[in-house]
Amino acid sequence: MAQRTVLLVLFDDVQSLDVTGPVEVFAGAEKHTPGTYRIRTASLDGAPVRTSSGLTVVPDQALAAASEPDTLIVPGGQGTRNPDPRLIEWLRGQGPHVRRLVSVCTGAILLARAGLLDGRRATTHWAYSDRLARDHPAVDVDPDPIYVRDGHVATSAGVTSGIDLALALVEEDLDREAALTVARHLVVFLRRPGNQAQFSAQLAAQTARREPLREVQRWITEHPGADLGVESLAARAGLSPRHFARAFRAETGMTPGRYVDRVRIEHARRLLEDTGAGVEQVSRASGYGTPEAMRRAFVSALGTAPAEYRRRFRPAPEPARTAPTTGTAPTADSTRDARTTRTR
């Protein structure tokens with residue numbers, strides 16, 4: 001495969017992890033498969049930039065001197081609030097011609113200003129999604145996923161989601177084993193699917209003010225397989241079902257049913273990712289009752305069935321390391337068998 005150039009745009013007050021996260025992923029892939037990626041950074045005038053956390057980053061070159069890359073990555077940060085007009089013009093001219101145009105976090109705001117997201121579905125950091133939608137009505141903003149692909153444009157949510165998206169791009173370019181090797185090296189144990197929500201249920205919902213409702217939230221999280229109907233939860237809180245449902249939504253920002261749905265799918269995902277439990281066992285433990293009910297929930301929320309989710313996102317087991325009983329070296333066939341097992 002021909003070497004692909006990955007170019008990251010730098011500017012003052014850029015979020016440092018938006019830059020270094022994807023860089024580490026592509027650099028790791030280059031180490032795994034030499035000759036795959038050439039990683040470059042560039043600022044408007046080629047001058048060093050100071051990140052929002054105070055780090056100084058020295059770019060490789062000026063944007064005007066950069067050759068057309070295969071993948072152009074635009075990070076976010078406080079510097080996206082009042083960008084240099086020259087940067088927007090450069091993006092407007094270059095964006096349509098690259099094979100992949102990528103933003104991390106509020107880098108989507110720069111792409112939107114350049115008109116590169118018009119008519120496309122996109123995401124950004126949850127705290128800025130309303131602003132993106134308000135200021136750029138031609139963009140179909142989805143505030144929930146950790147990344148979105150629409151044609152040759154890919155946008156990711158807040159900060160660390162740039163690592164998830166970069167790993168997905170590496171898997172697309174190379175294969176799952178290469179992406180998983182990089183993820184393990186970075187101690188990113190599990191690669192999240194793009195349509196996984198930016199928040200867990202516990203983070204997405206507010207913590208209720210009243211103790212009975214907080215206790216119900218804890219109970220749901222700790223007992224996803226229990227009866228979590230409104231009547232049962234209301235009895236636990238000592239309220240009538242109607243009063244409970246109204247109070248829960250007012251204090252947490254979501255209905256009890258929505259909260260239960262999120263908790264159950266997160267619990268099922270963790271079991272599929274971290275254990276060898278069968279799909280039927282996982283469905284019961286997560287409160288779905290049947291594999292078919294869990295399959296419908298997964299397809300609706302994640303766009304994939306549980307078995308496929310496990311295949312894609314559970315780390316492959318390491319091969320068993322046992323000493324040969326005869327003292328002889330392993331055969332070519334045994335080595336090939338171990339490698340095949342590891343990559344399934």
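Being a predicted model, the structure only gives us computed values, none of them experimental. All residue numbers in this chain count up from 1 along the given sequence. Basis for what follows: all heavy atoms, side chains included, without hydrogens, waters or symmetry-related copies.
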Quiz item: For the side chain of Asp70 and the backbone of Thr5, is there at least one donor-acceptor N/O pair under 3.5 Å apart?
Solution: no
Quiz item: Between Arg210 and Glu251, does at least one N-O distance fall below 4.0 Å, as a salt bridge requires?
Solution: yes
Quiz item: Salt bridge or not for Arg269 and Glu266, using N-O below 4.0 Å?
Solution: no
Quiz prompt | side chain to side chain contact (heavy atoms under 4.5 Å, CB included) evaluation trace for Val25 with Val23 | solution = CA-CA 5 Å; Val25 170; Val23 164; over 6 Å; no
Quiz item: Is a side-chain donor-acceptor pair under 3.5 Å present for Arg264 with Tyr288?
Solution: no
Self-check item: Any donor-acceptor N or O pair under 3.5 Å, side chains His125, Thr106
Solution: no
Practice problem: Begin with the C-alpha distance, continue with both residues' side-chain angles, and end with the deciding distance and a verdict on side chain to side chain contact (heavy atoms under 4.5 Å, CB included) for Leu233 and Ile220. | Solution: CA-CA 9 Å; Leu233 297 177; Ile220 293 171; 3.8 Å; yes
Quiz item: For the residue pair Trp219 and His223, does the interplanar ring angle fall in the parallel (under 30°), tilted (30 to 60°) or perpendicular (over 60°) class?
Solution: parallel
Quiz item: Does one hydrophobic cluster hold both Leu186 and Leu174, with members joined at side-chain heavy-atom distances below 4.5 Å?
Solution: yes
Self-check item: Candidate list Arg121, Arg149, Arg120, test salt bridge (Lys or Arg N to Asp or Glu O under 4.0 Å), partner Asp142, passing option
Solution: Arg121
Quiz item: Charged N to carboxylate O below 4.0 Å: is that the case for Arg218 and Glu222?
Solution: no
Quiz prompt | Arg86/Glu89 ion pair, N-O < 4.0 Å | solution = no
Practice problem: Check whether Val104 and Leu55 end up in the same hydrophobic cluster, where Ile, Leu, Val, Met, Phe, Trp and Tyr are linked by side-chain heavy atoms less than 4.5 Å apart. | Solution: no
Quiz prompt | Pair Tyr37-Asp173, side-chain donor/acceptor within less than 3.5 Å | solution = yes
Practice problem: Answer yes or no: is there an ion pair linking Arg296 with Glu292, defined by an N-O contact shorter than 4.0 Å? | Solution: yes
